[in-house]
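Notes for the one structure printed next.
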Amino acid sequence: MNLFQHFQAEVTRQIEALAAEGALPAGLDTSRITVEPPRDTGHGDVTTNAAMVLAKPAGMKPRDIAELLAARLDALPDVTETEVAGPGFINLRLSDDFWHARLADVLAEGTAYGDSGFGKGTGPVNVEYVSANPTGPLHVAHARGAVVGDVLARLLKKAGYDVTTEYYINDAGAQVEILATSAYLRYCQALGEDIGEIPEGMYPGEYLIPVGRAIAEADGAKWREVDEDVWLPHFREFTVARMMVQVKEDLAALGIRQDVFTSEKELVAAGAVDAVYKTLSDRDLIYTGVLEPPKGKPPPEDWEPRPQSLFRATRFGDDVDRPLKKSDGSWTYFANDIANHLDKFRRGFTQMIDIFGADHGGYVKRMKAAVVAVSEGKAELDIKLCQMVHLMKDGEPMRMSKRAGNFVTLRDLIDEVGKDVVRFLMLTRKSDTQMEFDLVKAVEQSRENPVFYVQYAHARCRSVLRSAPDEVPGLDTSAAALADADLGLLADPAELDLMKVMAAWPRTVEQAAEAHEPHRVAIYLNDLASAFHALWNRGNEDASLRFLQANAPEVTRARMALVQATATVIASGLDVLGVTPVEELR
RNA sequence: GGCCCCGUAGCUCAGUCGGAUAGAGCGACAGAUUCCUAAUCUGUAGGUCACAGGUUCAAAUCCUGUCGGGGUCACCA
C-alpha cells in the first residue's frame, strides 16, 4: 500500500464532497494536487498542496480552502491532527495505530512488500543494456550500464510492469571482421607458425589464443589451404559465438541473465533493414543529400562531400539528418539499429529503454527520432546515459594497464570485491553523473561504505532474532507468533520513525520506477539502515529500549516483530538490487 | 563552432512529476558501548544551491543567456 496514494484518493474524495455541498465549485481539476511526505518531518507525516493548486480555479484564498478541507480530513479515522501552514499546506499527522498497521503489512507480505500494480496496463517494456561488441570479454566500463539496466528491469517488475530484458549483439560490422582475422592469426599460431607481433589494429588480447587453438584442434590445418573469403565467415561465427559465451558468463557472475539476445547480423540477413529503408522511403523520410563537415574543428582528413541516403531526423527533433548507408554501400550502424528498434516495436514493446555509455550521448536524439518515426508515434524510447566510472585504489586513480598488474575486465573487478559490492555501489549515484569506485573503500567495513552499512543493519536484525530465544526464554519468534504480537506496545518515537521509513518503501518503488532511476533504491536502503542503527543505539542510552527484555516477553515479542519487519524490507530492497542480504558479518 | 550531461557545505554526494527553515557521509570539535561489538549512534560548526535574467502563489528543481568541468560531432560501434 502506497499510503500517499491512499490519502491522495481521500483528499480528492473530500474535495468532491465539498463541491457537492456547494462549499467549493464543482468540476475542479484535481490532477495537479500532490500528496507527499513533507520535507521537514516537523510538518507531520503527510502534506498536500491541494488548497494552493485549487485557489485560482476556485476563485478563493488558499487558506480558506485549506481550512475547509482540513476540517474534513481531520475527521478521518487515521488522522490525529491537521494543520494549515505556510501559504496553504495542509499537514496531517497519523495515528500510531496506522503505522502499526503498516508494520503488520510488512509481516504479512514478506519481501513482496512494496510490490505494486503501478505499471499494470501500460504495455510491455523492453530494457536493452550492455549490448557490447562481441569482440572480447566485458570491461569494467560495462559494469555500470549492466547493473543500471538490470536493476531498472527488476525495479520495473516490482512496480508491476511487464518487462523483457534484451542484449543487442553488434555482430555485423567491421569490428567482427577484424576479430575473425585476429582469431585466424591465433589459429596459425596454434598450428605452430610464428606470427610475430599482432599487427596494429588487430585485437591483441590473449583471450583469442584458446579460440585459435580450439579451431586448430577441431579442423587441423584445413583453413590454411583456402582463401580468406572461405575461412572468414567460419572464423567470424565461431569467434563471436565463443565471445558471447564468455560475455554471458561474465554477466552471470554479476547476477545478470537477459531474456532476449538479438543478433544485428541476423536482422540484416533477414532483410529487416531493407524493410525499414523501404518503409521510411515510402513515407518520404529518406532523401539523398550532402552533409556538411562539422564546424569549429578541422574536418576529418578523408572528408569528401558526397551525396548519401539521409533519414529526416530533423523532423523528429534531431539536429541534422542522419546517413543510413556507408560509402561502400553497406548499412550504417544507425540503420541497423533502427531495424532493431522497429523489431522490438513489432514484438509488441511500446515502451523501450536503452542503457548507453556516455560516449554514445550524441546518438540519443537520432535514435529517439527514429523510434518515433518508425512506430508512427506509438512507441516511446527513453535512453539512460551512464557516465564514466573512475577506478580508484585507496584514493589514487588507477592506471589501467595489464603490465602493471592492474585488472581491466569486469570479471577481475567482480573477483576483487564481489558481485554484491559491485552491484550496490554502482547504484549509489545517479547514472548520469560521473562517479569514483574505490577498490579499497568498496570492501571497507565502515559507515562510509553504504553496502556494508546496509548489510550490517540486516545482520544486526538477524542476530537479534537468532539470540532472542536465549535471552528471553520461551519466546516464540515464528512468523505466526510475530504476526500475533501486540504492536501497540511499540510507541517510542524512534520505533515509530523506523516504521515510517518502512512504510515509505512502496512509494519509493513506484517513484523510482516511474523516473527510471534505480539508484533511489540504494539511497532508500541507506536511510532505512540509518533509522535502524539509530534505534539500536537508543538501547545503549536507555536499557529499557533494548529489543530484548528478559522480564517483558510481550514487549520483546512486539519488538521482534519490528526487527523482523526491518530485515524484511531491507531484504526486499536488496532483492531489487540483486544483492544477497547477509545473516552475519563477523 | 553545434549538440548532450554535470556544477549543491572544505571533500564525496542526496534532494520526491516545482513546495515550507536545502540534507547525509567524510574531515573538525564535544559526547555515548551488557543486543553484531566505538564496524554504530547523538550533538555542534560549516551554504549568495556556478552566475544573471524570466515563468509561478512557490524555483536547487522549469525556460533563456553567460561562465566552468566532461563527453561527442559523415563513412566506428
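Note on naming: letters A, B, ... go to the chains in the order of the sequence lines (proteins, then strands), and numbering restarts at 1 for each one.
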Quiz item: Hey, does the side chain of A:H519 come within less than 4.0 Å of B:G15's phosphate (OP1/OP2), counting only N and O?
Solution: yes
Practice problem: Could you tell me whether A:V464 contacts a base, only the sugar-phosphate backbone, or nothing, with contacts defined as non-hydrogen atoms closer than 4.0 Å? | Solution: base
Quiz item: Does OP1 or OP2 of B:A14 have a side-chain N or O of A:T433 closer than 4.0 Å?
Solution: yes
Quiz prompt | Considering all heavy atoms, the nearest A:G88-A:A66 contact | solution = O-CB, 4.0 Å
Quiz item: RNA chain B in dot-bracket, Watson-Crick or G-U pairs under 3.5 Å, [ ] crossing, | other strand?
Solution: (((((((..((((.....[...)))).(((((.......))))).....(((((..]....))))))))))))....
Quiz item: Counting side-chain heavy atoms from C-beta on, which of B:C17, B:A77, B:C36 comes nearest to A:Y333?
Solution: B:A77
Self-check item: Touch class at under 4.0 angstrom, heavy-atom based, for A:E304 against every strand present
Solution: base
Quiz item: Stacking check: are the rings of A:Y456 and B:C36 less than 5.5 Å apart at their centres and under 30 degrees in tilt?
Solution: no
Practice problem: Just compare B:C17, B:G25, B:C35 and give me whichever is closest to any side-chain atom of A:R520. | Solution: B:C17
Practice problem: Determine the Euclidean distance between corresponding P atoms of B:C73 and B:C29; express it in Å to zero decimal places. | Solution: 49 Å
Exercise. Identify whether the distance between the nearest side-chain nitrogen and carboxylate oxygen of A:E495 and A:R538 falls below 4.0 Å.
Key: no
Quiz item: Going by atom types alone, do A:T262 and A:E166 pair a side-chain donor with an acceptor below 3.5 Å?
Solution: yes
Self-check item: Touch class at under 4.0 angstrom, heavy-atom based, for A:K325 against every strand present
Solution: nothing
Quiz item: For A:K326 and B:A74, is the shortest distance between a side-chain N/O and OP1 or OP2 below 4.0 Å?
Solution: no
Quiz item: With a 4.0 Å cut-off on heavy atoms, is A:D171 in touch with a base, just the backbone sugar-phosphate, or nothing at all?
Solution: nothing
Quiz item: Given B:C3, is OP1 or OP2 found less than 4.0 Å from the side-chain N or O atoms of A:K368?
Solution: no
Exercise. May I ask you to verify whether the side chain of A:N91 and the base of B:A20 hold a donor-acceptor pair under 3.5 Å?
Key: yes
Quiz item: What pair of heavy atoms forms the shortest contact from A:A513 to A:Y161, and how long is it?
Solution: CB-CE1, 4.2 Å
Quiz item: Roughly how far apart, to the nearest Å, are B:A28 and B:G65 at atom C1'?
Solution: 40 Å
Practice problem: Have a look at A:A174 and say if it touches a base, only the backbone sugar-phosphate, or nothing, with a 4.0 Å heavy-atom cut-off. | Solution: sugar-phosphate
Quiz item: With a non-hydrogen cut-off below 4.0 angstrom, is A:R447 in contact with a base, only sugar-phosphate, or nothing?
Solution: sugar-phosphate
Quiz item: Under a 4.0 Å N-O cut-off, is there an ion pair linking A:K441 with A:E444?
Solution: no
Quiz item: Side chains of A:E177 and A:T181: donor-acceptor distance under 3.5 Å anywhere?
Solution: no
Exercise. Would you indicate what A:G539 reaches in the nucleic acid, counting non-hydrogen atoms under 4.0 angstrom: base, sugar-phosphate, or nothing?
Key: base
Quiz item: Taking atom P in both B:A74 and B:G53, what distance in whole Å separates the two?
Solution: 39 Å
Practice problem: Check if the side chain of A:T47 and the base of B:A20 share a donor-acceptor pair of N or O atoms closer than 3.5 Å. | Solution: yes
Quiz item: Do you see a donor-acceptor pair shorter than 3.5 Å between the side chains of A:Q387 and A:D432?
Solution: no
Self-check item: Over-ring placement of A:K393 relative to A:F437, 6.0 Å and 45° cut-offs
Solution: no
Quiz prompt | B:U55 to B:G15 separation - C1' atoms, rounded to the nearest Å | solution = 22 Å
Quiz item: According to a strict under-4.0 Å criterion, is A:Y453 in side-chain N/O contact with OP1 or OP2 of B:C36?
Solution: no
Exercise. Using a 4.0 Å heavy-atom cut-off across all strands, classify A:P62 as base, sugar-phosphate, or nothing.
Key: nothing
Quiz item: Any donor-acceptor pair under 3.5 Å between the side chain of A:E471 and the base of B:C35?
Solution: no
Quiz item: Looking for any heavy atom pair under 4.0 Å, which part of the strands does A:D432 touch: base, sugar-phosphate only, or nothing?
Solution: sugar-phosphate
Quiz item: Using atom P of each nucleotide, how far apart are B:U21 and B:G25 to the nearest Å?
Solution: 23 Å
Self-check item: Six-ring centre of A:W331, A:K325 cation under 6.0 angstrom, axis tolerance 45°
Solution: yes
Quiz item: Given the C1' atoms of B:U61 and B:U16, what is the spacing between them in whole Å?
Solution: 11 Å
Exercise. Taking only the side-chain nitrogens and oxygens of A:K430, find out if one of them lies under 4.0 Å from OP1 or OP2 of B:C13.
Key: no
Quiz item: Is a side-chain donor-acceptor pair under 3.5 Å present for A:Y203 with A:Q175?
Solution: yes
Quiz item: If each of A:F547 and A:P293 is mapped to the nucleotide of RNA chain B with the nearest heavy atom, which maps nearer the 5' terminus, i.e. the 5' end?
Solution: A:F547
Quiz prompt | base_contact_polar (B:U42 base, A:N537 side chain, donor-acceptor, <3.5 Å) | solution = no
Quiz prompt | Gap between atoms CD and C1', on A:E448 and B:U40 respectively (whole Å) | solution = 14 Å
Quiz item: Which heavy atom of A:S131 sits nearest a heavy atom of A:Y168, and at what distance?
Solution: OG-N, 3.0 Å
Practice problem: Could you work out the separation of B:C49 and B:G23 based on their C1' atoms and round it to a whole Å? | Solution: 12 Å
Quiz item: For B:U16, does OP1 or OP2 lie under 4.0 Å from any side-chain N or O of A:R507?
Solution: no
Quiz item: OP1, OP2 of B:C36 versus side-chain N and O of A:S463: anything below 4.0 Å?
Solution: yes
Practice problem: If a protein heavy atom is under 4.0 Å from the base, mark B; if only from the sugar-phosphate, S; if neither, -; do that for nucleotides 61-73 of chain B going 5' to 3'. | Solution: ---------SSSB
Quiz item: May A:F89 be described as stacking on the base of B:A20, applying a 5.5 Å centroid limit and a 30° limit on plane angle?
Solution: yes
Quiz item: If you check every side-chain atom of A:T332, which of B:U40, B:C57, B:C75 has the closest atom?
Solution: B:C75
Quiz item: Is it true that A:R322 and A:D318 make a salt bridge, defined as a side-chain N closer than 4.0 Å to a carboxylate O?
Solution: yes
Quiz prompt | Rounded P spacing from B:A59 to B:C51 in Å | solution = 16 Å
Self-check item: Modelled atom types, side-chain donor and acceptor of A:N340 and A:E128, under 3.5 Å
Solution: yes
Quiz item: Looking for any heavy atom pair under 4.0 Å, which part of the strands does A:T508 touch: base, sugar-phosphate only, or nothing?
Solution: nothing
Self-check item: Interatomic distance, A:L427 CG vs B:C13 C1' [rounded to whole Å]
Solution: 15 Å
Quiz item: When we call it a touch if two heavy atoms are under 4.0 Å apart, what does A:A534 touch: a base, just sugar-phosphate, or nothing?
Solution: sugar-phosphate
